[in-house]
2 protein chains.
Amino acid sequence: MVSKLRQDIAAKGESGGGALGGLRMTKQRKLVYDVLLDERDHPTATEVYMRSKQRMSSISLATVYNCLETLSAAGLVKQVNVGRDASRYCPNLAQHAHFICVKCEQVLDIDLKNDKEVESVWELPEGARIDQLEVAMKGVCPDCNAAEKEVGGNG
Amino acid sequence: MVSKLRQDIAAKGESGGGALGGLRMTKQRKLVYDVLLDERDHPTATEVYMRSKQRMSSISLATVYNCLETLSAAGLVKQVNVGRDASRYCPNLAQHAHFICVKCEQVLDIDLKNDKEVESVWELPEGARIDQLEVAMKGVCPDCNAAEKEVGGNG
DNA sequence: ATTGATATCAAGAATTATTCTAAATAAAAA
DNA sequence: TTTTTATTTAGAATAATTCTTGATATCAAT
Ligand SMILES: [Mn+2]
Ligand SMILES: [Mn+2]
Ligand SMILES: [Zn+2]
Ligand SMILES: [Zn+2]
């Protein structure tokens, strides 16, 4: 169901080509996806909108929301939620966590260690089915941490 | 800084007693905290508001938000975010994850396994400082999972 | 107890991210 | 081409949360 859309996009998203149970690989969807692939800094919907507008001035914010929703539902993109902030979007499909620096606001991908699995540390209830797992860390990134120690030695 | 407020509350929250760098243990704060302790089902701010109103009809939603914020900042309560949904609040201070059943919407605490730590599975960037870690899982809880298999065998 | 300073509360307005609605457009199917 | 269906667009609507402001309550000192 989902794989056809993925193929279409992987195959450079030919605009007339792909459909998937009614889902089409439209210019807007391709564009939004490209924007996410181009700068992998976990932009918000509004940021995706602004970047998309530079390449297609007619695109609307509603469409960007629609496309992000469609791509997420298709499994091509992950919606990243950190606290109450606006959702961010990420085309990295590997299982990973997110680290948000409270100083510079940047969002980093955190990979799983080799041979480790997230579930292994948690006392999961017997008989539960887990579909989704979100891990968000907040703190100070290496860069900001280093800068902090240099400049103001108060802490 | 924070411990004084905690003491006050632990000491049954005597209304005249506690202050903390200007922070007072008011009737409203005590009430909101009690509501959270009474039913540990991770209520939303609105749910806390409704429960609080039954005991203090004059309390306002704004105040409930204020109290939840204050208690969270003081470290007595954890704000739990799951996807885009309204924040939920939890007085369980032990490190734990949250499991949300997409069927019955209930939120379960998931404890860390003995001798395990969350950080151990992640490839953390050298030099980063982690202040906060949120783990949310979505899926179907044991009860709903069992019920699902019985009734409609379509899957 | 009275006063003055400060913290908190309460009501409603404002904000923000997101979703919804409805009409216009584009693509696919017939 | 005609018909059907999916998608886009603009703007309205919604929902959670935050902000603003004046009223109350508490505290610290007199
Ligand atoms: Mn990511
Ligand atoms: Mn909890
Ligand atoms: Zn940083
Ligand atoms: Zn359930």
Side-chain angles (χ1 to χ4, degrees), chain A residues 1 4-5 8-9 13-33 42-50 52-53 55-74 77 79-89 105, chain B residues 1 4-5 8-9 13-33 42-50 52-53 55-74 77 79-89 105:
Chain A
M1 293 195 171
K4 186 58 168 36
L5 178 56
D8 294 337
I9 292 181
E14 337 188 275
S15 70
L20 153 64
L23 282 191
R24 297 167 195 161
M25 179 40 50
T26 62
K27 293 200 167 172
Q28 288 88 346
R29 286 173 181 165
K30 178 68 167 53
L31 171 56
V32 163
Y33 187 55
H42 302 85
T44 63
T46 304
E47 285 165 346
V48 172
Y49 170 57
M50 292 187 303
S52 298
K53 264 213 134 170
R55 305 196 211 167
M56 184 192 285
S57 61
S58 63
I59 200 170
S60 74
L61 178 57
T63 295
V64 169
Y65 269 106
N66 286 341
C67 293
L68 289 171
E69 156 66 25
T70 302
L71 293 169
S72 300
V77 157
Q79 183 174 16
V80 178
N81 295 298
V82 176
R84 291 277 80 210
D85 301 345
S87 287
R88 297 172 170 279
Y89 297 86
E105 307 251 79
Chain B
M1 292 197 172
K4 186 57 170 38
L5 177 55
D8 295 336
I9 291 180
E14 339 192 271
S15 71
L20 152 65
L23 282 191
R24 299 166 194 161
M25 177 41 48
T26 63
K27 294 200 167 173
Q28 288 86 346
R29 284 173 183 166
K30 178 68 168 49
L31 171 56
V32 164
Y33 187 55
H42 303 85
T44 63
T46 304
E47 285 165 344
V48 171
Y49 170 57
M50 293 188 302
S52 298
K53 264 213 135 172
R55 306 196 210 167
M56 184 192 284
S57 61
S58 64
I59 200 170
S60 74
L61 178 57
T63 296
V64 168
Y65 269 105
N66 285 340
C67 292
L68 289 170
E69 156 65 25
T70 302
L71 293 168
S72 300
V77 157
Q79 183 175 17
V80 178
N81 296 297
V82 176
R84 289 277 82 209
D85 301 343
S87 287
R88 296 171 172 278
Y89 297 86
E105 307 251 78

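By convention in this document, chain letters (A, B, ...) are assigned in the order of the sequence lines, proteins followed by strands, and residues within each chain are numbered from 1. In what follows, every heavy atom counts, from backbone to side chain, and hydrogens, waters and symmetry copies are set aside. Just so it is clear, the structure is predicted and the values come from calculations on it, not from any experiment.
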Task: Listed partners of A:Tyr49 passing side chain to side chain donor-acceptor pair (under 3.5 Å), at least two apart - done: A:Lys53
Task: Nearest-0.5 Å distance, OG of residue B:Ser52 to NZ of residue B:Lys27 - done: 14.5 Å
Task: Point-to-point distance, once rounded to the nearest 0.5 Å, from NZ of A:Lys30 to CE of A:Met56 - done: 10.5 Å
Return the value, rounded to whole Å, for the distance between atom [atom1] of [X] and atom [atom2] of [N].
X       : N      : atom1 : atom2 : answer
B:Lys53 : C:dC9  : NZ    : P     : 16 Å
A:Arg24 : C:dA29 : CZ    : P     : 8 Å
B:Met25 : D:dT26 : CE    : P     : 13 Å
A:Glu69 : D:dT7  : CD    : C1'   : 14 Å
A:Leu31 : D:dT7  : CG    : C1'   : 15 Å

TODO: Sugar-phosphate atoms are those with a prime plus P, OP1 and OP2; base atoms are the rest. Using that split, label each nucleotide of nucleotides 8-16 of chain D B, S or - for protein heavy atoms under 4.0 Å, 5' to 3'.
DONE: BBB-----S
TODO: Give me the bend of the helix from C:dA1-D:dT30 to C:dA30-D:dT1, using the axes of the five pairs at each end, rounded to 10°.
DONE: 30°
Task: Under 3.5 Å: donor-acceptor pair, side chain of A:Arg29, backbone of A:Arg24 - done: yes
Open item on the list: I need the single residue from A:Val48, A:Asn66, A:Thr26, A:Thr70 that forms a side chain to side chain contact (heavy atoms under 4.5 Å, CB included) with A:Val32. Which is it?
Closed with: A:Val48
Which residues satisfy the side chain to side chain contact (heavy atoms under 4.5 Å, CB included) test with [X], sequence neighbours excluded?
X       : answer
B:Arg84 : A:Gln79, A:Asn81, A:Ser87
B:Ser60 : B:Ala62, B:Thr63
B:Met50 : B:Glu47

